[in-house]
Visitor: 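Here it is: the structure, laid out below.
FYI, side chains are in, hydrogens and waters are out, and symmetry mates aren't considered; it's all heavy atoms of this structure.
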Amino acid sequence: MAILNRIKRLLVGAPIASKHAHHQRLPKIFALPVFASDALSSVAYATEQTMWVLAMAGTVFFGYTFTISIAIVVLIGLVSTSYYQTIHAYPQGGGSYIVASSNLGSVAGRVAAASLLIDYVLTVSVSVTAGVLALVSMAPGIQPYVIEIDILCVAVVAVVNLRGAKESGFVFAIPTYSFVLLLLFLVAYGLVRLPSLINLPPTGPNHFEGHLESFGLFMVLRAFANGCTALTGIEAISDGVQAFQKPESRNASATLSMMAVMLAAMFLGTSWLAQHLHVVPMFQDATGYKTVIALICERIFGIGPYFYALQIATALILVLAANTAFADFPRLCSFVARDGFLPRQLASVGDRLVFQNGIIVLALLASVLIVVFKGHTDKLIPLYAVGVFTAFTLSQFGMVVHQLRAGKRGTIAISVVGGVATGIVAIVILVTKFTEGAWIVLIALLVMLAVFKVIRRHYDYLARELSLAPDDTVKPMRTIVLLLVPRVHKGILHAIAYAKSITKDVRALHVTLDSKGASSVKEDWAKFGADIPLVILESPYRSLISPVTEYVDQAVEEDPQCMITVIVPQAVPKYWWQGILHTNAAVGLKLALKARKNVVITNVRYFLK
């Protein structure tokens, strides 16, 4: 255990005292990379996802890319404005879960929470796999190892978050701001050079020569739904208001505004350039695969230092975009656990002032998802955004009720329009992506709601069972101590003293495998004169556990109200590796007797010099 503790301290650092919690609060400059990296990084694949759908009818329909992007940016504005209001209405944080629970009821709150928790797991999976694919664009030789690299990236981000919110902000600031600056410069310089590049041929052949689908309203809606992945992560800041420096609401809302402006500018610029530079998205498993961002950069700057710098920055922010989920998933779990719908361990703050149990759970779930879907972003994307738009919708209609109660009718229109818009998008995403895998999210949502109900039922039952009644009193209790004696030696002296201090009814038990050994133990026990009766238990099947459990069951049957304490002396060697050479009978006894009522197993250790 000492070695494990040293490894833990090496990875996550020394504990932080509660009185220093205020030093872990984030200023706006570091809060942006922690809470906005998911939303900002979505620019790296949102345009590409829109174009993939349009390509099914032929590259000639790429002309709708920018128009669809404008509609998505309008939606970004509506949702951001709604969450701006949420931050000031609920400065304690909690986002969609708190807003929906407070205004629409517990069921709506649980639906919002389950939707977001599922989406956060997908955020980590999608962000990491997309980030690794950006590296594949630069170094195709690593393509066979994408799953291993994905899981390694998840582990690294998890460890950084276990070190604390402030440290994760420092670590993620440079990659996030590097990506933003490089991409904004790419857009600006690309717009300047566009007249000289506009007549270039397409970057590659149309992969859908047979035109798999005919163009129409349904296809436009599918392209729009795919591009709406650009909105994922917008709610993160409203969940983590309490992580900001004071004044929390003002700093959080200012960060949200900065994020929305950056996101809109980068997304629109990328879509405009992709459309007018005749970029054609590539198959993910194609040899020499490049993302749409990589193809745009190649057209404008060629393969050179800027291309590699942008690819590295894109890969880093996509991997680090998982940090938004690592910042919010544990925090949301803590709110839900506090209300009794998730295990209470998820509400506990670790010694680094982070919800470490939630971080570990998220890392494990995301890794499983990456393995199941073999690191393919295009297989994970259809599952993405269904949950988050459900949460958006519930949050905004929750704000409508809140504003009506507070008499703020002037701001209701924004929440109503935003709620209707995101509700329609949620339905469109579910319908258009249902056969592509969105049905999995629907099933996962139902499973999560069932889990919430079962856990809450257990905690309600526990509260009823543990509540004191007026006639409850502390009753006197008789105790029997059973001391296991492997043989008579110096190490059991302390155990004998402890046993006699508990009660007068102490019995020494020796389990024998042969009669000759039993005679020797009897003689040694008589010579020692411990003044405790020795009971010899025969073990015809050479088991230590069975004779003891049978004797305990017999003692319980004779006096059901009596407390049975089984004491097991245990040698503690000087070095940890020597423990391999010793048998700890208490472990097996605890497992065998754990279902017995009024039975306690305890170790009395003796330390070897």
Side-chain angles (χ1 to χ4, degrees), residues 38-39 41-43 45-57 64-65 67-80 82-83 96 100 108 111-127 129-130 213 216-236 263 267 271 325 369 373 376-397 417-446 448-449:
D38 179 21
S41 68
S42 63
V43 175
Y45 51 80
T47 298
E48 183 168 347
Q49 290 302 312
T50 301
M51 297 178 76
W52 262 112
V53 176
L54 295 175
M56 292 182 181
Y64 289 90
T65 301
T67 304
I68 292 171
S69 298
I70 291 174
I72 293 170
V73 166
V74 170
L75 194 58
I76 289 172
L78 286 170
V79 173
S80 299
S82 179
Y83 276 111
S96 300
V111 171
S115 301
L116 280 177
L117 291 175
I118 292 168
D119 190 75
Y120 285 141
V121 176
L122 286 165
T123 293
V124 176
S125 306
V126 171
S127 298
T129 54
E213 296 184 23
L217 178 61
F218 185 72
M219 177 164 284
V220 172
L221 290 175
R222 283 182 63 187
F224 176 75
N226 265 31
C228 279
T229 53
L231 276 83
T232 55
I234 287 181
E235 81 292 337
L263 175 60
F267 182 53
S271 297
L369 209 58
F373 286 90
H376 281 266
T377 307
D378 53 355
K379 292 180 181 178
L380 288 163
I381 285 286
L383 283 67
Y384 206 31
V386 178
V388 75
F389 274 92
T390 302
F392 284 168
T393 304
L394 291 170
S395 175
Q396 290 179 103
F397 282 122
V417 173
V420 170
T422 54
I424 292 171
V425 172
I427 294 169
V428 169
I429 291 174
L430 184 60
V431 171
T432 58
K433 297 185 177 183
F434 191 81
T435 56
E436 297 176 31
W439 60 271
I440 299 175
V441 178
L442 198 59
I443 292 175
L445 180 61
L446 295 174
M448 283 288 294
L449 293 174

Visitor: Are Ser96 and Tyr83 close enough that a side-chain donor and a side-chain acceptor fall under 3.5 Å?
Guide: yes
Visitor: Under a 3.5 Å distance rule, please check whether Asn226 uses its side chain to pair with a backbone N or O of Thr50 as donor and acceptor.
Guide: no
Visitor: Output all residues satisfying side chain to side chain donor-acceptor pair (under 3.5 Å) with Thr232, sequence neighbours left out; order by chain, then residue number.
Guide: Tyr384
Visitor: Please report the shortest heavy-atom distance between Ala426 and Thr390, naming the atom on each side.
Guide: CB-N, 4.2 Å
Visitor: For a quick test of reading the model, state the closest non-hydrogen atom pair linking Ile72 to Cys228 and the distance between them.
Guide: CD1-N, 3.9 Å
Visitor: Tell me every residue that passes side chain to side chain contact (heavy atoms under 4.5 Å, CB included) with Ala444, counting only those two or more places apart in sequence or in another chain.
Guide: Ile118
Visitor: Do the side chains of Leu75 and Phe224 get nearer than 4.5 Å, heavy atoms only?
Guide: yes
Visitor: I need the single residue from Val73, Val388, Ile76 that forms a side chain to side chain contact (heavy atoms under 4.5 Å, CB included) with Leu231. Which is it?
Guide: Ile76
Visitor: Are the side chains of Asp38 and Ile234 in contact, using a 4.5 Å heavy-atom criterion?
Guide: no
Visitor: Supply the atom-to-atom distance Leu54 CG to Met219 CE, rounded to the nearest 0.5 angstrom.
Guide: 7.5 Å
Visitor: Does Phe373 reach the side chain of Ser125, with side-chain heavy atoms less than 4.5 Å apart?
Guide: no
Visitor: Mind listing the closest non-hydrogen atom pair of Val441 and Gly387 along with its distance?
Guide: CG1-N, 4.5 Å
Visitor: Locate the shortest heavy-atom distance separating Phe267 from Gly227; write the atom from each residue and the value.
Guide: CZ-O, 4.3 Å
Visitor: Report the residues that fulfil side chain to side chain donor-acceptor pair (under 3.5 Å) with Ser115, sequence neighbours left out, ordered by chain and then residue number.
Guide: none
Visitor: Got a sec, which residues hit side chain to side chain contact (heavy atoms under 4.5 Å, CB included) with Ser82, two or more places apart in sequence or on another chain?
Guide: Gln396, Ser415
Visitor: I would like to know whether Ser271 and Thr47 meet side-chain hydrogen bond (donor to acceptor under 3.5 Å, both in side chains); could you show each step before the answer?
Guide: CA-CA 6 Å; Ser271 297; Thr47 298; 2.9 Å; yes
Visitor: Which residues pass the side chain to side chain contact (heavy atoms under 4.5 Å, CB included) test with Leu430, not counting sequence neighbours?
Guide: Val386, Phe434, Ala438
Visitor: Shortest non-hydrogen contact from Ala114 to Leu445?
Guide: CB-CD1, 3.4 Å
Visitor: What pairs with Thr65 under side chain to side chain donor-acceptor pair (under 3.5 Å), at least two apart in sequence or on another chain?
Guide: none
Visitor: What distance separates Tyr120 OH from Glu235 CD, expressed to the nearest 0.5 Å?
Guide: 4.0 Å
Visitor: Determine, stepwise, if the pair Leu263 / Ser42 fulfils side chain to side chain contact (heavy atoms under 4.5 Å, CB included).
Guide: CA-CA 9 Å; Leu263 175 60; Ser42 63; 4.0 Å; yes
Visitor: Between CG of Leu122 and OG1 of Thr229, what distance do you get to the nearest 0.5 Å?
Guide: 12.0 Å
Visitor: Hey, does the side chain of Ser395 reach the backbone of Phe392 with a donor-acceptor pair shorter than 3.5 angstrom?
Guide: no
